[in-house]
Amino acid sequence: MSCDIVIIGAGPAGLCFARALKGSGLRIALVERQPEAGLIAPPDDGREIAITHHSQRLLRELGLWTRLREEEIGTLRDAMVLDGDDREGLMFRHDEAGKPQLGWLLSNHAIRRAAYAGVMELPEVERITGVQVSAVRTGRDGAEVELADGQTLHAQLVVAADSRFSDTRRAMGIGADMHDFGKTMLVLRMHHEAPHEQVAWEWFGHGQTLALLPLHDPHTSSVVLTLSPPAMREMLALDDTALEQAMAERFDQRLGAMRVAGPRCAYPLVGVYAQRFVAERFALIGDAAVGMHPVTAHGFNFGLLGQDTLAGEMRAAMAAGRPFWEASVLQRYERRHRLATRPLYLATRMLAGLYTDDRRPARVLRKLALGAGARLGPFKRLVMSGLTAESAGVPALLRRRST
Ligand SMILES: Cc1cc2nc3c(=O)[nH]c(=O)nc-3n(C[C@H](O)[C@H](O)[C@H](O)COP(=O)(O)OP(=O)(O)OC[C@H]3O[C@@H](n4cnc5c(N)ncnc54)[C@H](O)[C@@H]3O)c2cc1C
């Protein structure tokens with residue numbers, strides 16, 4: 001089969017990229033190893049994704065926002081960061097950002113379902129599902145993707161969106177800086193007695209990190225607990241009643257009684273940053289390019305930003321009568337996306353290390369950071385502009401700081 005672009009991976013990033021090329025005249029083959037039934041109705045993977053204002057705008061432009069059901073959209077009005085036994089934390093308030101809310105919370109499986117439905121209606125996208133990529137070759141004259149069922153796809157460009165553990169990245173000889181945080185994150189939807197009032201919590205306790213992400217129902221949140229793998233194994237071995245009690249205690253009974261309301265999903269925490277995002281007739285997007293630690297809630301936000309940057313550069317090249325696979329087009333994407341993501345990737349790595357370290361120097365640094373952060377307006381504005389800026393992610397955030 002012959003086409004213009006092969007996209008490998010029908011996760012949120014690959015699907016949004018296919019959607020972003022709607023009407024461009026390009027013929028796309030989208031290859032995904034999962035069977036189609038699991039893409040039309042993706043299983044609940046427990047992840048609740050915090051969405052910035054810029055990402056919400058992109059999802060609207062892609063025509064995906066209106067495919068989400070009302071009850072799938074949570075409001076992130078304010079956020080609170082607590083350290084250890086502190087009762088008062090650092091508050092990030094929507095009104096200080098001049099917005100009605102800091103952001104939104106969407107279930108990952110709802111994003112996947114909406115994005116897949118959006119791609120299914122595009123006649124220019126050939127969906128090839130339930131089959132794995134077995135080899136990729138690119139060169140001056142074009143690209144070839146071999147599939148495990150024996151098919152070979154010929155294209156002008158290959159775009160890999162096949163997760164942070166991307167096999168395609170490796171097959172293309174592109175290395176990645178990987179950081180294993182040595183922790184496991186449990187995400188679990190729970191009902192709780194006290195209302196969440198649309199406030200997200202990030203709570204750095206001793207030996208654990210807890211987060212609470214407010215969902216559409218005022219008494220339901222996504223609980224996020226980060227522990228060492230042995231401690232997490234003990235937690236996962238508990239039955240529902242014991243788990244509910246343990247969670248209520250970990251939250252210091254602040255939410256009253258808690259009840260399990262979703263599947264338990266555990267993720268090993270590994271951050272990944274590809275050494276290059278592009279090669280000849282090849283580009284990486286999504287987690288395959290930048291796989292963030294979830295603590296700053298930016299993985300998918302960056303995935304959306306990156307696919308938008310690449311699609312925009314390709315469209316601009318075509319409008320100027322140049323090939324969309326040209327090295328200069330891909331290199332511009334790489335430059336812009338590195339600039340947008342690298343500072344926050346590094347800061348997140350440092351933060352995640354600091355906030356999961358219970359040794360005394362780290363505890364003191366945390367207190368200093370939160371205490372000083374609470375007093376210093378510019379620090380808070382910096383964090384909040386990253387969430388609420390309408391036009392871009394991190395570059396706008398950095399620009400604002402320098403003015
Ligand atoms: C607990 C948790 C919480 C998170 N919270 C947030 C948040 O609040 N905000 C935020 O912005 N981000 C968040 N993220 C990150 C976000 O979930 C990811 O950035 C996003 O899902 C990545 O999408 P992707 O399409 O790049 O990759 P994936 O979702 O990993 O999809 C990759 C796809 O490629 C397919 N594939 C892989 N290999 C092959 C192959 N060889 N051939 C064919 N197909 C293949 C896979 O089957 C899969 O469908 C969170 C992540 C976790 C784990």
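It should be emphasised that the depicted structure is a prediction, and the values quoted were computed from it without experimental measurement. Start at 1 and go down the list; that is how both ligands and their atoms are numbered.
Counting the atoms of ligand 1 from 1 in the order shown, those under 4.0 Å from a heavy atom of G286 are 26 (O). Interface atoms of ligand 1 facing F300, defined by a heavy-atom separation under 4.0 Å, are 10 (C), 11 (O), 12 (N), 15 (C), 16 (C), 19 (O). Close approach of ligand 1 to M185 is summarised as follows: ligand atoms under 4.0 Å from at least one heavy atom of the residue are 1 (C). Heavy-atom contacts of A297 reach the following atoms of ligand 1: 7 (C), 8 (O), 9 (N), 10 (C), 11 (O) (cutoff under 4.0 Å). Listed by atom number, the atoms of ligand 1 under 4.0 Å from A161 heavy atoms are 32 (C), 33 (C), 34 (O).
By the criterion of a heavy-atom distance under 4.0 Å, both the backbone and the side chain of R33 are placed next to ligand 1. Of the heavy atoms in Q307, none comes closer than 4.0 Å to ligand 1.
Protein heavy atom nearest atom 48 (C) of ligand 1, with residue, atom name and distance: E32 OE1, 3.5 Å. The protein heavy atom nearest to atom 31 (O) of ligand 1 is G11 CA, 3.5 Å. In terms of protein heavy atoms, atom 27 (O) of ligand 1 is closest to S163 CA, 4.0 Å. In this structure, the protein non-hydrogen atom closest to atom 17 (O) of ligand 1 is R47 NH1, 2.7 Å. Distance from atom 26 (O) of ligand 1 to its nearest protein heavy atom, with residue and atom name: D287 N, 2.8 Å. Of the protein's heavy atoms, I49 CD1, 3.5 Å lies nearest to atom 13 (C) of ligand 1. Residue, atom and distance of the protein heavy atom nearest to atom 3 (C) of ligand 1 are P294 CB, 3.8 Å.
For the pair D167 and ligand 1, the shortest N or O to N or O distance does not fall below 3.5 Å. Not a single N or O atom of I8, backbone or side chain, sits closer than 3.5 Å to an N or O atom of ligand 1. Considering backbone and side-chain atoms alike, P12 places an N or O below 3.5 Å from some N or O of ligand 1. Geometrically, ligand 1 and R164 share no nitrogen or oxygen pair separated by less than 3.5 Å. Residue Y267 places no N or O, backbone or side chain, under 3.5 Å from any N or O of ligand 1. Taking only nitrogen or oxygen atoms, main chain and side chain alike, A50 reaches within less than 3.5 Å of ligand 1.
In terms of modelled atom types and a separation under 3.5 Å, the side chain of R281 and the main chain of V158 share no donor-acceptor contact. Proximity of a side-chain donor or acceptor of D180 to a complementary backbone N or O of V270 within less than 3.5 Å is not detected. Using modelled atom types, no side-chain atom of R169 and backbone atom of L284 make a donor-acceptor pair closer than 3.5 Å. Between the side chain of R19 and the main chain of G118, a donor-acceptor pair closer than 3.5 Å is present. Between the S107 side chain and the A110 main chain, no donor and acceptor come within less than 3.5 Å of each other. Not one N or O on the side chain of D78 forms a donor-acceptor pair closer than 3.5 Å with the backbone of V199. A donor-acceptor contact shorter than 3.5 Å is absent between the side chain of R164 and the backbone of G286. At distances below 3.5 Å, at least one donor-acceptor pair connects side-chain atoms of E32 with backbone N or O atoms of A10. At least one donor-acceptor pair closer than 3.5 Å links the side chain of E334 to the backbone N or O of F277.
Summarising the geometry, atom CD belonging to Q307 is positioned 8.5 Å from atom CG belonging to L21; distances are rounded to the nearest 0.5 Å. From M292, atom CE reaches atom CG of D287 across 10.0 Å, with rounding to the nearest 0.5 Å.
At a 4.0 Å cut-off, not a single heavy atom of G303 sits close enough to ligand 1 to count as contact. Close to ligand 1: E48, with a non-hydrogen atom less than 4.0 angstrom away.
Salt-bridge annotation for E313 and R332: present, with a side-chain N of the basic residue lying under 4.0 Å from a carboxylate O of the acidic one. Ion pairing between a basic and an acidic side chain is recognised when a charged N comes within 4.0 Å of a carboxylate O; R137 and E144 show such pairing.
Counting only non-hydrogen atoms, the option in C16, A10, A13 that gets closest to atom 24 (P) of ligand 1 is A13. Among G9, S134, A160, the residue whose heavy atom lies nearest to atom 34 (O) of ligand 1 is G9. Nearest residue to atom 42 (N) of ligand 1 from D45, L76, V133 is V133 (criterion: closest heavy atom).
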Please assess Y116 against R127 for the test side-chain hydrogen bond (donor to acceptor under 3.5 Å, both in side chains), listing each intermediate value before the final yes or no. CA-CA 10 Å; Y116 199 72; R127 306 182 312 274; 3.1 Å; yes
With side-chain hydrogen bond (donor to acceptor under 3.5 Å, both in side chains) as the criterion, how do H298 and T348 come out once you've worked through the C-alpha distance, each side chain's angles and the decisive distance to 0.1 Å? CA-CA 9 Å; H298 253 74; T348 302; over 6 Å; no
